[in-house]
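Have a look at the structure below, then the notes.
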There are 2 protein chains.
Amino acid sequence: MSVNDVRVAIDAGGQSTKGARTRLRILDAAARVLREKGYAATRLSDIAEVAGLQTGSLAFHFRSKNELIDEVLRHGMTAGLAGVRRSVDRLGPDATPAVRIEAAVHAHLDGLAARNDYAPAVLRLVDQLPADTRRRFRPTERAYIGYWRDLLTAAREAGELPADLDTALLTRLLLGAMNANLGRADAGPRGRLSTAILFMIGLRGNGASQE
Amino acid sequence: MSVNDVRVAIDAGGQSTKGARTRLRILDAAARVLREKGYAATRLSDIAEVAGLQTGSLAFHFRSKNELIDEVLRHGMTAGLAGVRRSVDRLGPDATPAVRIEAAVHAHLDGLAARNDYAPAVLRLVDQLPADTRRRFRPTERAYIGYWRDLLTAAREAGELPADLDTALLTRLLLGAMNANLGRADAGPRGRLSTAILFMIGLRGNGASQE
DNA sequence: GTCTATAGTTGGATAGAC
DNA sequence: GTCTATCCAACTATAGAC
């Protein structure tokens, strides 16, 4: 259920050679350090230490620091969208748009929870990336945003949200509100946070505490 | 009205010696570069270039890179709170809490507008700062958040927001939603964005477009 | 595959002329 | 006050032993 669970599926091949396992250990270490320190403040030596290797040894698995960070980003974004999509799909085809959104909100907040590293790392890194890296990941970012906008649009078309709603705008506000809880997704009862979020976007049919 | 207007008031003394003016030019240049590139990617040489000086000359005005950045942060945060507070105070003592919040939202979004540099720079930098710098600015950050929470609490006590509202939580979500518009505060009609924001926090008495 | 050791860069700090 | 020139620390990348 956690974002990290898809890790193996993403790793090319999925063999468990020693090299492949070390590679994953390095990626996990990188995600953790990047999440804690941010892009520039992360030294290869920090990552190596967490992974239990010497700094120079990283080069055997990743050509450069940027290549390693790229991999963390790619992994985090792909896993994030996959996690949300999985939660929504699990509901089956008969679920109403509002229920789908609720599931998506839960999944997104879960991805931001303290125990995960990849999604928080991605979120922290986006605004710190060199321009070219940032550009390379724009499409993936847009795909994520687009998925949410489609959820909202479907709700609007089902009459669960106002007909004149600007779904692009509300998507941005919604993601902004959710991401403001980075590192706190576990603080306080889960239900309260997601209830507040759903309330904010106008879905207050489920007994929202504010109405 | 813009955040930058308080600059002179903040500069110690307010004299207009040549040195003081150059100092301000450097600060403005720093805010602009920091806003565009972020913390670590900003080189002193970039700032110097924008300010029209040689890199070495910066040292005469600021002891170190960190001191310069500190000043930009201090300036940005102080001016940001001052701008919001001013907009609210201008309403006079008879304004209802809801109207005050509306004014605050306008002021906050205005601070994030494309033409300003300090507030966007601050916003981009907070998550990139070295731990000690970050710690030093926590109190100022809390003061800003606290001001907003007080606004929401007053509205709750006036019966304009639900009595069981968690104002701390909603403050976080509100700021998150607003800040997600960094660099876009001018995109589209101002009214639409702030209307959506006010709607989200449950203030929809003013003819919000979604109701 | 992983280690140690080193080469190469980058960029902030500093000194001293003008 | 501002410039040029230099120093120095930090960190990535690379080479070669084991």
Side-chain angles (χ1 to χ4, degrees), chain A residues 11-34 36-73 121 125 128-133, chain B residues 11-34 36-73 121 125 128-133:
Chain A
D11 183 46
Q15 304 105 322
S16 259
T17 69
K18 182 183 177 196
R21 271 180 284 121
T22 304
R23 199 185 141 86
L24 284 186
R25 221 173 60 237
I26 295 172
L27 276 175
D28 286 349
R32 190 167 123 204
V33 177
L34 286 168
E36 283 167 4
K37 303 201 173 187
Y39 184 85
T42 294
R43 335 232 168 277
L44 287 181
S45 52
D46 299 327
I47 298 176
E49 189 181 3
V50 172
L53 278 80
Q54 294 303 309
T55 308
S57 310
L58 298 180
F60 181 82
H61 302 275
F62 298 92
R63 206 182 312 276
S64 71
K65 180 183 179 180
N66 276 333
E67 186 178 299
L68 170 52
I69 291 183
D70 265 34
E71 191 78 9
V72 171
L73 289 172
L125 257 51
Q128 311 187 19
L129 298 174
D132 57 329
T133 310
Chain B
D11 184 45
Q15 302 103 325
S16 260
T17 69
K18 184 185 175 196
R21 269 180 286 123
T22 304
R23 200 186 140 85
L24 283 185
R25 220 172 62 237
I26 296 172
L27 276 175
D28 286 348
R32 191 168 123 204
V33 177
L34 286 168
E36 284 166 3
K37 303 200 172 187
Y39 184 85
T42 293
R43 293 179 272 283
L44 286 181
S45 53
D46 299 326
I47 298 175
E49 190 181 5
V50 172
L53 278 81
Q54 294 302 312
T55 308
S57 309
L58 297 181
F60 181 82
H61 301 275
F62 298 92
R63 208 183 309 277
S64 71
K65 182 184 180 183
N66 276 332
E67 185 177 300
L68 170 52
I69 292 184
D70 266 33
E71 191 78 11
V72 171
L73 288 172
L125 258 50
Q128 310 187 18
L129 298 175
D132 56 329
T133 311

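None of these values were measured; they are calculated from a predicted model. So you know, we letter chains A, B, ... as the sequences are listed, proteins then strands, and number each from 1.
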Task: Range on DNA chain D touched by chain A, heavy atoms, distance below 4.0 Å - done: D:dC11 to D:dT14
Task: Side-chain donor/acceptor of A:K37 to backbone N/O of A:D46, under 3.5 Å - done: no
- [ ] Report the end-to-end axis angle of the helix from C:dG1-D:dC18 to C:dC18-D:dG1; each axis comes from five terminal pairs, and the value is rounded to 10°.
- [x] 0°
TODO: Please examine the side chains of A:L27 and A:L24, heavy atoms only from C-beta on, and report whether any two atoms are closer than 4.5 Å.
DONE: yes
- [ ] Would you mind reading off the distance between B:L44 atom CG and C:dA13 atom P, rounded to a whole angstrom?
- [x] 6 Å
Task: Whether B:T42 side chain and B:G38 backbone form a donor-acceptor pair below 3.5 Å - done: yes
Open item on the list: I want to check something: taking the side chain as every heavy atom from C-beta on, are B:R32 and B:I47 in contact at a cut-off of under 4.5 Å?
Closed with: no
- [ ] Look up atom OG in B:S57 and atom CD1 in B:I26, then write down how far apart they are to the nearest 0.5 Å.
- [x] 8.0 Å
- [ ] Report the residue (A:A41 or A:A59) whose heavy-atom-nearest nucleotide on DNA chain D is the more 5′ of the two.
- [x] A:A41
Task: Spacing of CZ belonging to A:R25 relative to NZ belonging to A:K18, to within rounding of 0.5 Å - done: 8.5 Å
Open item on the list: Could you check whether any side-chain heavy atom of B:T133 comes within less than 4.5 Å of a side-chain heavy atom of B:L73, counting everything from C-beta outward?
Closed with: yes
Open item on the list: Do B:R23 and B:E71 have side chains that approach each other closer than 4.5 Å (heavy atoms only, starting at C-beta)?
Closed with: yes
Task: Atom pair CG (B:L58) and CZ (B:R63), whose distance is rounded to the nearest 0.5 Å - done: 14.5 Å
Open item on the list: Taking A:Y39's backbone N and O only, do any of them form a donor-acceptor pair with A:Q128's side chain (distance below 3.5 Å, no angle check)?
Closed with: yes
Task: For DNA chain D, the residues among residues 51-58 of chain A that have a non-hydrogen atom under 4.0 Å from it - done: A:G56
